[in-house]
Peer 1: 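Got a structure for you, written out below as structure tokens; questions coming shortly.
The chain is numbered in sequence order, starting from 1.
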Amino acid sequence: MSAVVGERYGAPEELRVDTIAVPAPGPDQVVLRVAGASTNALDWHLVTAQPFFVRAMLGIRRPKQPTPGNDVSGTVVAVGSNVTSRQIGEEVFGNCWRGACAEYAVASANQLELVPTGVDVAESSTVGVAAFTALQAVRDHGEIGAGDRVVIIGASSGVGVFAIQLAVAAGAEVTAVTSTANLDLARSLGAHHVVDRTTTDPVAAVVGGQVAPYDVVLDLAGALPPRKILPALTERGRFVLVGGRKTGHLWPLVTMPALAIRSRLSKRTLRVFTASETPEDRVVLAAKLADGSLRPVIGERIGLDGVARAIRSHGDRTAVAKILVQP
């Protein structure tokens, strides 16, 4: 089968399309004929091994699984000996923890959910890492509810396009911060106000925005110093940091304690988190797909030969919405 392969850590441009063996399932796994995969900022971190400690998960010297891609959807073509929850022929979406950018991929059966009726199978692969991150940022960490004034920085990112939809559905008044080219995209997803970071100083625009102060600031880009954004919050507002710098191995180790200290010294809530993909939240996302309250937003469709460029775009922060890979 054809697959994207990167046998060592390094620049995304070192990835190549090669022919490798079709994988076999372990006892608790299934094999999918891949309909779609989607790339994320996470893939950039895993391909480049930045920050350095990601090697502890993947392999110290080189990645144990050389094919990138975590978000996947497709048809079950083989099941492991212990699997009873999935059947051959089912169309599913979920997480395969690397290996999605290929014609076939292996995934744990408990990390997959049926694609809802009426939802495009390939497009369902985009409802993965980014959607979980948005859901947990909006619901759990931002605790966004009806009447909240919310500003989303990095609103046209993979996480951002889901965060806008979820915040609007929760009844919030949403201000989206994005570039000129993506203002209409943010509006189409329900944003009530937009800030053009290309032509306006984003810090000044957020802090002095037309509906500031905000109850919640969701920073999905991590490009602005939190201390400069905090004045945009109400006295008991919530600041949620999702994105991070794409340079510097020690950045998370410095930022997370700093925000924890600031939070203890303030009435405001300051949080930085890493999303976790749980079966329960995958059911929640599947239900939102089924009822139309959440929809995939595809910025670009590519083949396997475009994966290296797509992962580079996450590192450069030029990716818009979700990039769908169709082998």
Peer 1: Do Ile20 and Thr67 have side chains that approach each other closer than 4.5 Å (heavy atoms only, starting at C-beta)?
Peer 2: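 Side chain of Ile20 against side chain of Thr67, heavy atoms only: contact under 4.5 Å found.
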
Peer 1: Quick one: do Lys228 and Asp201 make a salt bridge, cutoff under 4.0 Å?
Peer 2: no

Peer 1: Take Asp316 and Arg312 through the test side-chain contact (heavy atoms from CB on, under 4.5 Å) and record every step on the way to the result.
Peer 2: CA-CA 6 Å; Asp316 294 342; Arg312 165 56 64 192; 3.0 Å; yes

Peer 1: Please round to the nearest 0.5 Å and tell me the distance separating atom CZ of Arg301 and atom OG of Ser38.
Peer 2: 12.0 Å

Peer 1: Could you go step by step and tell me if Glu280 and Val284 meet the side-chain contact (heavy atoms from CB on, under 4.5 Å) rule?
Peer 2: CA-CA 7 Å; Glu280 294 79 12; Val284 170; 5.9 Å; no

Peer 1: Under a 3.5 Å distance rule, please check whether Asp148 uses its side chain to pair with a backbone N or O of Val150 as donor and acceptor.
Peer 2: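 No.
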
Peer 1: Looking only at heavy atoms, which two atoms of Asn110 and Pro279 are closest? And how far apart?
Peer 2: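 Shortest heavy-atom separation between Asn110 and Pro279 comes out as O-CG, 3.6 Å.
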
Peer 1: Given the rule that I, L, V, M, F, W and Y join up when any side-chain heavy atoms are under 4.5 Å apart, are Val92 and Leu324 in one cluster?
Peer 2: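 Different hydrophobic clusters.
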
Peer 1: Consider side-chain hydrogen bond (donor to acceptor under 3.5 Å, both in side chains). Of Asp196, Thr200, Thr199, which one does Thr180 pass it with?
Peer 2: Asp196

Peer 1: Looking at side-chain heavy atoms only, is the closest gap between Glu90 and Val30 below 4.5 Å?
Peer 2: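 Sidechains of Val30 and Glu90: no contact.
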
Peer 1: Compare all side-chain heavy atoms of Ser313 with those of Ile323 and state whether any distance is below 4.5 angstrom.
Peer 2: yes

Peer 1: Using the side-chain contact (heavy atoms from CB on, under 4.5 Å) rule, take Arg16 and Glu7 through it: C-alpha gap first, then chi angles, then the decisive distance, then the call.
Peer 2: CA-CA 10 Å; Arg16 70 182 191 279; Glu7 295 172 344; 3.3 Å; yes

Peer 1: Indicate yes or no for a side-chain donor-acceptor contact from Asp71 to the backbone of Val129 under 3.5 Å, with no hydrogens or angles considered.
Peer 2: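 A pair under 3.5 Å: yes.
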
Peer 1: Using every non-hydrogen atom in the two residues, find where Leu285 and Ala131 come nearest and quote the distance to one decimal.
Peer 2: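 Where Leu285 meets Ala131 most closely, the heavy atoms are CD1-CB, 3.9 Å.
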
Peer 1: Rounded to the nearest 0.5 Å, how far apart are CZ of Arg149 and OG1 of Thr234?
Peer 2: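 These two atoms lie 7.0 Å from each other.
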
Peer 1: For Trp44 and Pro12, which heavy atoms make the closest approach, and how far apart are they?
Peer 2: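 Closest pair (atom of Trp44, atom of Pro12, distance): CD1-CG, 4.1 Å.
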
Peer 1: Following the transitive rule for hydrophobic clusters with a side-chain heavy-atom cut-off under 4.5 Å over Ile, Leu, Val, Met, Phe, Trp and Tyr, establish whether Val5 and Leu304 coincide in one cluster.
Peer 2: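 No, because Val5 and Leu304 fall into different hydrophobic clusters, even though each may have its own neighbours under 4.5 Å.
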
Peer 1: Restricting to non-hydrogen atoms, name the atom on Ala100 and the atom on Ala105 that form the minimum distance, rounded to 0.1 Å.
Peer 2: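 In terms of heavy atoms, the two residues are closest at CA-CB, 4.2 Å.
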
Peer 1: Quick one: does Pro116's side chain get under 4.5 Å of Phe93's, heavy atoms only?
Peer 2: yes

Peer 1: Can you tell if the side chain of Pro23 reaches within under 4.5 Å of the side chain of Met1, non-hydrogen atoms only?
Peer 2: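 Side-chain contact under 4.5 Å: yes.
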
Peer 1: Out of curiosity, does Val72 fall in the hydrophobic cluster containing Val106 (side-chain heavy atoms, cut-off under 4.5 Å, transitive links)?
Peer 2: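 No, no single cluster joins them.
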
Peer 1: With distance as the sole test, does Gln136 use its side chain to make a donor-acceptor pair with the main-chain N or O of Ser276 at under 3.5 Å?
Peer 2: yes

Peer 1: Would you say Arg33's side chain and Val77's backbone share a donor-acceptor pair under 3.5 angstrom?
Peer 2: no

Peer 1: Of the non-hydrogen atoms in Gln29 and Gly26, which two are nearest, and what is the gap between them?
Peer 2: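 In terms of heavy atoms, the two residues are closest at OE1-N, 2.7 Å.
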
Peer 1: Answer yes or no: is there a side-chain heavy-atom contact under 4.5 Å between Thr178 and Leu185?
Peer 2: no

Peer 1: Flag the pair Glu277 and Arg282 as a salt bridge only when some basic side-chain nitrogen lies within less than 4.0 angstrom of an acidic carboxylate oxygen.
Peer 2: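 Yes, Glu277 and Arg282 are salt-bridged.
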
Peer 1: Any link between Val174 and Ile144 through a network of hydrophobic side chains (Ile, Leu, Val, Met, Phe, Trp, Tyr) touching at under 4.5 Å?
Peer 2: yes

Peer 1: Ignoring hydrogens and geometry, is there a side-chain-to-backbone donor-acceptor pair from Ser73 to Ala35 under 3.5 Å?
Peer 2: no

Peer 1: As an exercise, state the distance from CD of Glu13 to CG of Leu15, rounded to the nearest 0.5 Å.
Peer 2: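 Result: 8.5 Å between the selected atoms.
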
Peer 1: Looking only at non-hydrogen atoms, find the nearest pair between Val217 and Ile229 and report the distance.
Peer 2: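 Residues Val217 and Ile229, closest heavy atoms: CG1-CG2, 3.7 Å.
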
Peer 1: Does any part of the side chain of His192, heavy atoms only, come nearer than 4.5 Å to the side chain of Val211, both counted from C-beta?
Peer 2: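 Answer no - side chains too far apart.
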
Peer 1: For Asn70 and Asn40, which I'm curious about, is there any donor-acceptor pair between the side chains at under 3.5 Å?
Peer 2: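 Looking only at side-chain atoms, Asn40 and Asn70 do not form any donor-acceptor pair under 3.5 Å.
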
Peer 1: In the structure I gave you, are the side-chain heavy atoms of Val195 and Thr175 within less than 4.5 Å of one another anywhere?
Peer 2: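 In contact.
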
Peer 1: Would you give the length of the straight line joining atom CZ of Arg8 to atom CZ of Arg61, rounded to the nearest 0.5 angstrom?
Peer 2: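 Arg8 atom CZ to Arg61 atom CZ measures 12.5 Å (nearest 0.5 Å).
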
Peer 1: Within the side chain of Lys322, is there an N or O that forms a donor-acceptor pair under 3.5 Å with the backbone of Thr39?
Peer 2: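 Yes, Lys322 side chain to Thr39 backbone: donor-acceptor pair under 3.5 Å.
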
Peer 1: Linking I/L/V/M/F/W/Y whenever their side-chain heavy atoms sit closer than 4.5 Å, directly or via other members, would Val76 and Val127 fall into one cluster?
Peer 2: no

Peer 1: Can you measure from CZ (Arg86) to CG (Leu114) and round to the nearest 0.5 angstrom?
Peer 2: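 Output value for this atom pair is 4.5 Å.
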
Peer 1: side-chain contact (heavy atoms from CB on, under 4.5 Å), that's the test. Do Arg238 and Asp215 meet it? Break it down for me.
Peer 2: CA-CA 6 Å; Arg238 285 91 71 195; Asp215 299 292; 4.3 Å; yes

Peer 1: Between Ser108 and Asp28, do the side chains contain a donor N or O and an acceptor N or O under 3.5 Å apart?
Peer 2: no

Peer 1: From Phe162 CZ over to Arg295 CZ, what is the distance, rounded to the nearest 0.5 angstrom?
Peer 2: 10.0 Å

Peer 1: Is the side chain of Glu103 donor-acceptor paired with the backbone N or O of Ser2 at a distance under 3.5 Å, no angle test?
Peer 2: yes

